[in-house]
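Structure, as structure tokens:
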Amino acid sequence: MADDQLVLTARKGNVFSNGMNEFHFVTPSTVYYIPANKDTIRYVKTAAAALTAASMKEYPGEYVSEETASSVAIRRNFDTLIIQFKPDL
């Protein structure tokens, strides 16, 4: 996965890169992330969430991925949701 806040450099048309990683925007709402020597990952743009104080209480917790044998933690800090990619560290 790309690190947090990396600069994308335009290569050609709708293709951008960061180091050896490429990002192909096939539509304004769909991008393919192609990390060096790994499988391509498709991302689709979503509408921004409109969270209320009540609905924010539903999201915190531990989320587990069997596919990657990893987990992330979602925490609430007042009116902000925070994701922690390595909750065990």
Side-chain angles (χ1 to χ4, degrees):
M1 175 178 270
D3 291 334
D4 189 41
Q5 299 184 14
L6 299 175
V7 175
L8 295 179
T9 303
R11 294 295 176 208
K12 61 182 177 183
N14 295 329
V15 177
F16 295 81
S17 68
N18 176 273
M20 298 296 295
N21 304 312
E22 288 192 352
F23 300 82
H24 294 237
F25 288 83
V26 294
T27 70
S29 63
T30 303
V31 61
Y32 286 93
Y33 167 47
I34 307 170
N37 302 316
K38 295 186 180 174
D39 289 337
T40 299
I41 303 168
R42 178 179 177 253
Y43 289 94
V44 178
K45 188 176 187 178
T46 61
L51 297 175
T52 64
S55 68
M56 285 186 75
K57 293 177 183 177
E58 298 174 21
Y59 295 96
E62 193 84 12
Y63 292 76
V64 176
S65 168
E66 292 178 6
E67 181 180 355
T68 62
S70 64
S71 66
V72 297
I74 303 294
R75 311 240 189 275
R76 183 175 175 195
N77 185 12
F78 299 101
D79 62 348
T80 304
L81 292 175
I82 299 168
I83 187 166
Q84 186 176 2
F85 285 98
K86 298 181 181 180
D88 297 332
L89 297 179

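- Atom CG of D79 sits about 12.0 Å away from atom OG1 of T52, to the nearest 0.5 Å.
- When the side chains of ILVMFWY residues are joined at heavy-atom separations under 4.5 Å, either directly or via intervening members, F16 and I34 end up in two distinct hydrophobic clusters.
- Scored by the side-chain contact (heavy atoms from CB on, under 4.5 Å) test, Y63 finds Y59, V72, I74 as partners (sequence neighbours excluded).
- The backbone N or O of T9 sits nowhere less than 3.5 Å from a side-chain atom of N18 that would complete a donor-acceptor pair.
- Scored by the side chain to side chain donor-acceptor pair (under 3.5 Å) test, T30 finds T27 as partners (sequence neighbours excluded).
- The nearest pair of heavy atoms linking R76 to P60 is CB-CG, 3.8 Å.
- Here E58 contributes atom CD and L51 contributes atom CG; the two are 9.5 Å apart, rounded to the nearest 0.5 Å.
- Residues V15 and Y43 are members of separate hydrophobic clusters, defined by side-chain heavy-atom contacts under 4.5 angstrom among Ile, Leu, Val, Met, Phe, Trp and Tyr.
- Partners of T40 according to the side chain to side chain donor-acceptor pair (under 3.5 Å) rule, which considers only residues two or more places apart in sequence or in another chain, do not exist here.
- Evaluation of the side chain to side chain donor-acceptor pair (under 3.5 Å) rule for T80 yields no partner, not counting sequence neighbours.
- L8 and Y32 are members of different hydrophobic clusters when ILVMFWY side chains are connected at heavy-atom separations under 4.5 Å.
- For the side chain to side chain donor-acceptor pair (under 3.5 Å) test, residues two or more places apart in sequence or in another chain that qualify with R11 are S17.
- Atom CE of M56 sits about 3.5 Å away from atom CG of L81, to the nearest 0.5 Å.
- Applying the side-chain contact (heavy atoms from CB on, under 4.5 Å) criterion to T46, with sequence neighbours excluded, gives no partner residue.
- Residues A36 and M20 come closest through the heavy atom pair CB-CB, 3.5 Å.
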